[in-house]
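Down below is the structure, laid out as structure tokens.
Letters go in sequence order (proteins before strands), and every chain restarts at 1. Every value quoted in this text rests on a predicted model; they were computed, and no experiment measured them.
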Number of protein chains: 2
Amino acid sequence: MLISEFARTVELPVDTIRFYIAKGLLKPDRSLKGGSNPYHLFKPEDVTAARMIRLQQTLGYTLSEILTLNDEYRAGEHSSERTIEVLELQIERLQERKIALDTALSFLRNKVDWVKSGKAGDAPNLEDYQ
Amino acid sequence: MLISEFARTVELPVDTIRFYIAKGLLKPDRSLKGGSNPYHLFKPEDVTAARMIRLQQTLGYTLSEILTLNDEYRAGEHSSERTIEVLELQIERLQERKIALDTALSFLRNKVDWVKSGKAGDAPNLEDYQ
DNA sequence: CTTGACCATGGAGTTTACTCCACACTTATA
DNA sequence: TATAAGTGTGGAGTAAACTCCATGGTCAAG
């Protein structure tokens, strides 16, 4: 798969993909010779990698964090212990984020209820949701 | 409360607070005259506002989105319908984010299990978690 | 009355994550 | 054979969210 088809598949601009390649987040093959330089060739696993990046980004990871995670993951690929360590660190971080999210959600839901009740009693206070 | 105490309270650098004031995200009083210009005076509700900003930020809102939300919220303050509309839009957005988060979490948990099982069977695939 | 601790403003600098060229090359099409 | 479409590189530009700094002010302590 060439870069423009890959871009359509993962729904990202070509420029962004090249940016990710430059950063080392995507490492497509370069076997096909084309213009002034060999072309990038994307495999299905690159599609997964791109989707993973998007997912991690919506969860608040920076690109360099994603890169370090990938590197650590690859580095520990032959030690199950290290792999599990890296994975569990990610899980912990996401769980913290989930708590923040649930906090915000119950705060907002209670606020809706409070408004619907004609603002009876005290307004929900953010401080009560930590 | 003056700016440095406020900064300690909400655990943010003074510069960041001034930046938020400039953006209109915080609107402390300016009654106290001090140096070349009147000082900012922060009330408990400013502390809540600052914490709310941090929370919204960890949930992926940009500062200008937060500003528009605040503005919309204030604008609809006398119409319960509009207030509920704004709140429910936020809830929807957070629920989407929660789904992404749960996706990532179950993917990572299954991956941990898979590694712990001595990598028996197929590796968990991200595509299966959407 | 000077020194140090705070305060404000305006503006420059930084990092992140793109986004947009200009230029150069190859290949398919008219 | 010209032209369009696709690809690569290097580098400039941009928006967001800070972060740092120079300058200028007030005020309490020594």
Report task. Return the value, rounded to whole Å, for the distance between atom CG of B:Leu25 and atom P of D:dA17. Result -> 9 Å
Requested in this report: Anything under 4.0 Å to a heavy atom of chain A counts; send over the first and last such nucleotide of DNA chain C, read 5' to 3'.
Outcome: C:dA17 to C:dT26
Query raised in the report: With the threshold set at 4.0 Å, does a side-chain nitrogen-carboxylate oxygen contact exist between B:Arg93 and B:Glu96?
Result: no
Query raised in the report: D:dT19 P sits how many Å from B:Lys23 NZ, rounded?
Result: 14 Å
Query raised in the report: Once you round it to whole Å, what is the distance between P of D:dG10 and CZ of A:Arg18?
Result: 12 Å
Query raised in the report: Atom CG of B:Asn37 and atom P of D:dC27: how far apart are they, to the nearest Å?
Result: 13 Å
Requested in this report: Measure the NZ-NZ distance between A:Lys116 and A:Lys111 for me, rounded to the nearest 0.5 Å.
Outcome: 15.0 Å
Query raised in the report: Under 6.0 Å from the NZ atom of B:Lys43, do we count more than 12 heavy atoms belonging to anything else shown?
Result: no
Query raised in the report: What's the verdict on salt bridge (charged side-chain N to carboxylate O under 4.0 Å, His left out) for B:Glu85 and B:Arg82, showing C-alpha distance, side-chain angles and the deciding distance?
Result: CA-CA 5 Å; B:Glu85 219 174 282; B:Arg82 185 84 192 95; 2.9 Å; yes
Report summary line: Value for CG (B:Asp113) from CD1 (A:Ile84), rounded to nearest 0.5 Å, stands at 9.0 Å
**Report entry** DNA chain C-proximal residues of residues 61-70 of chain A, any heavy atom under 4.0 Å
**Finding:** A:Thr62, A:Leu63
Query - Between P of D:dG6 and CD of A:Glu5, the distance in whole Å - result: 12 Å
Query raised in the report: Does a side-chain N or O from A:Ser4 land closer than 4.0 Å to OP1 or OP2 of D:dT7, or not?
Result: yes
Query raised in the report: So, is B:Tyr39 near the phosphate of D:dG25, with a side-chain N or O under 4.0 Å from OP1 or OP2?
Result: no
Report task. Assign each of A:Tyr20 and B:Pro38 to its nearest nucleotide of DNA chain C by heavy atoms, then name whichever residue's nucleotide is nearer the 5' end. Result -> B:Pro38
Report summary line: To the nearest 0.5 Å, atom CZ of A:Arg54 lies from atom CG of A:Leu12 at 4.5 Å
Query raised in the report: Under 4.0 angstrom, heavy atoms only, what part of the nucleic acid is B:Leu32 near: base, sugar-phosphate, or nothing?
Result: nothing
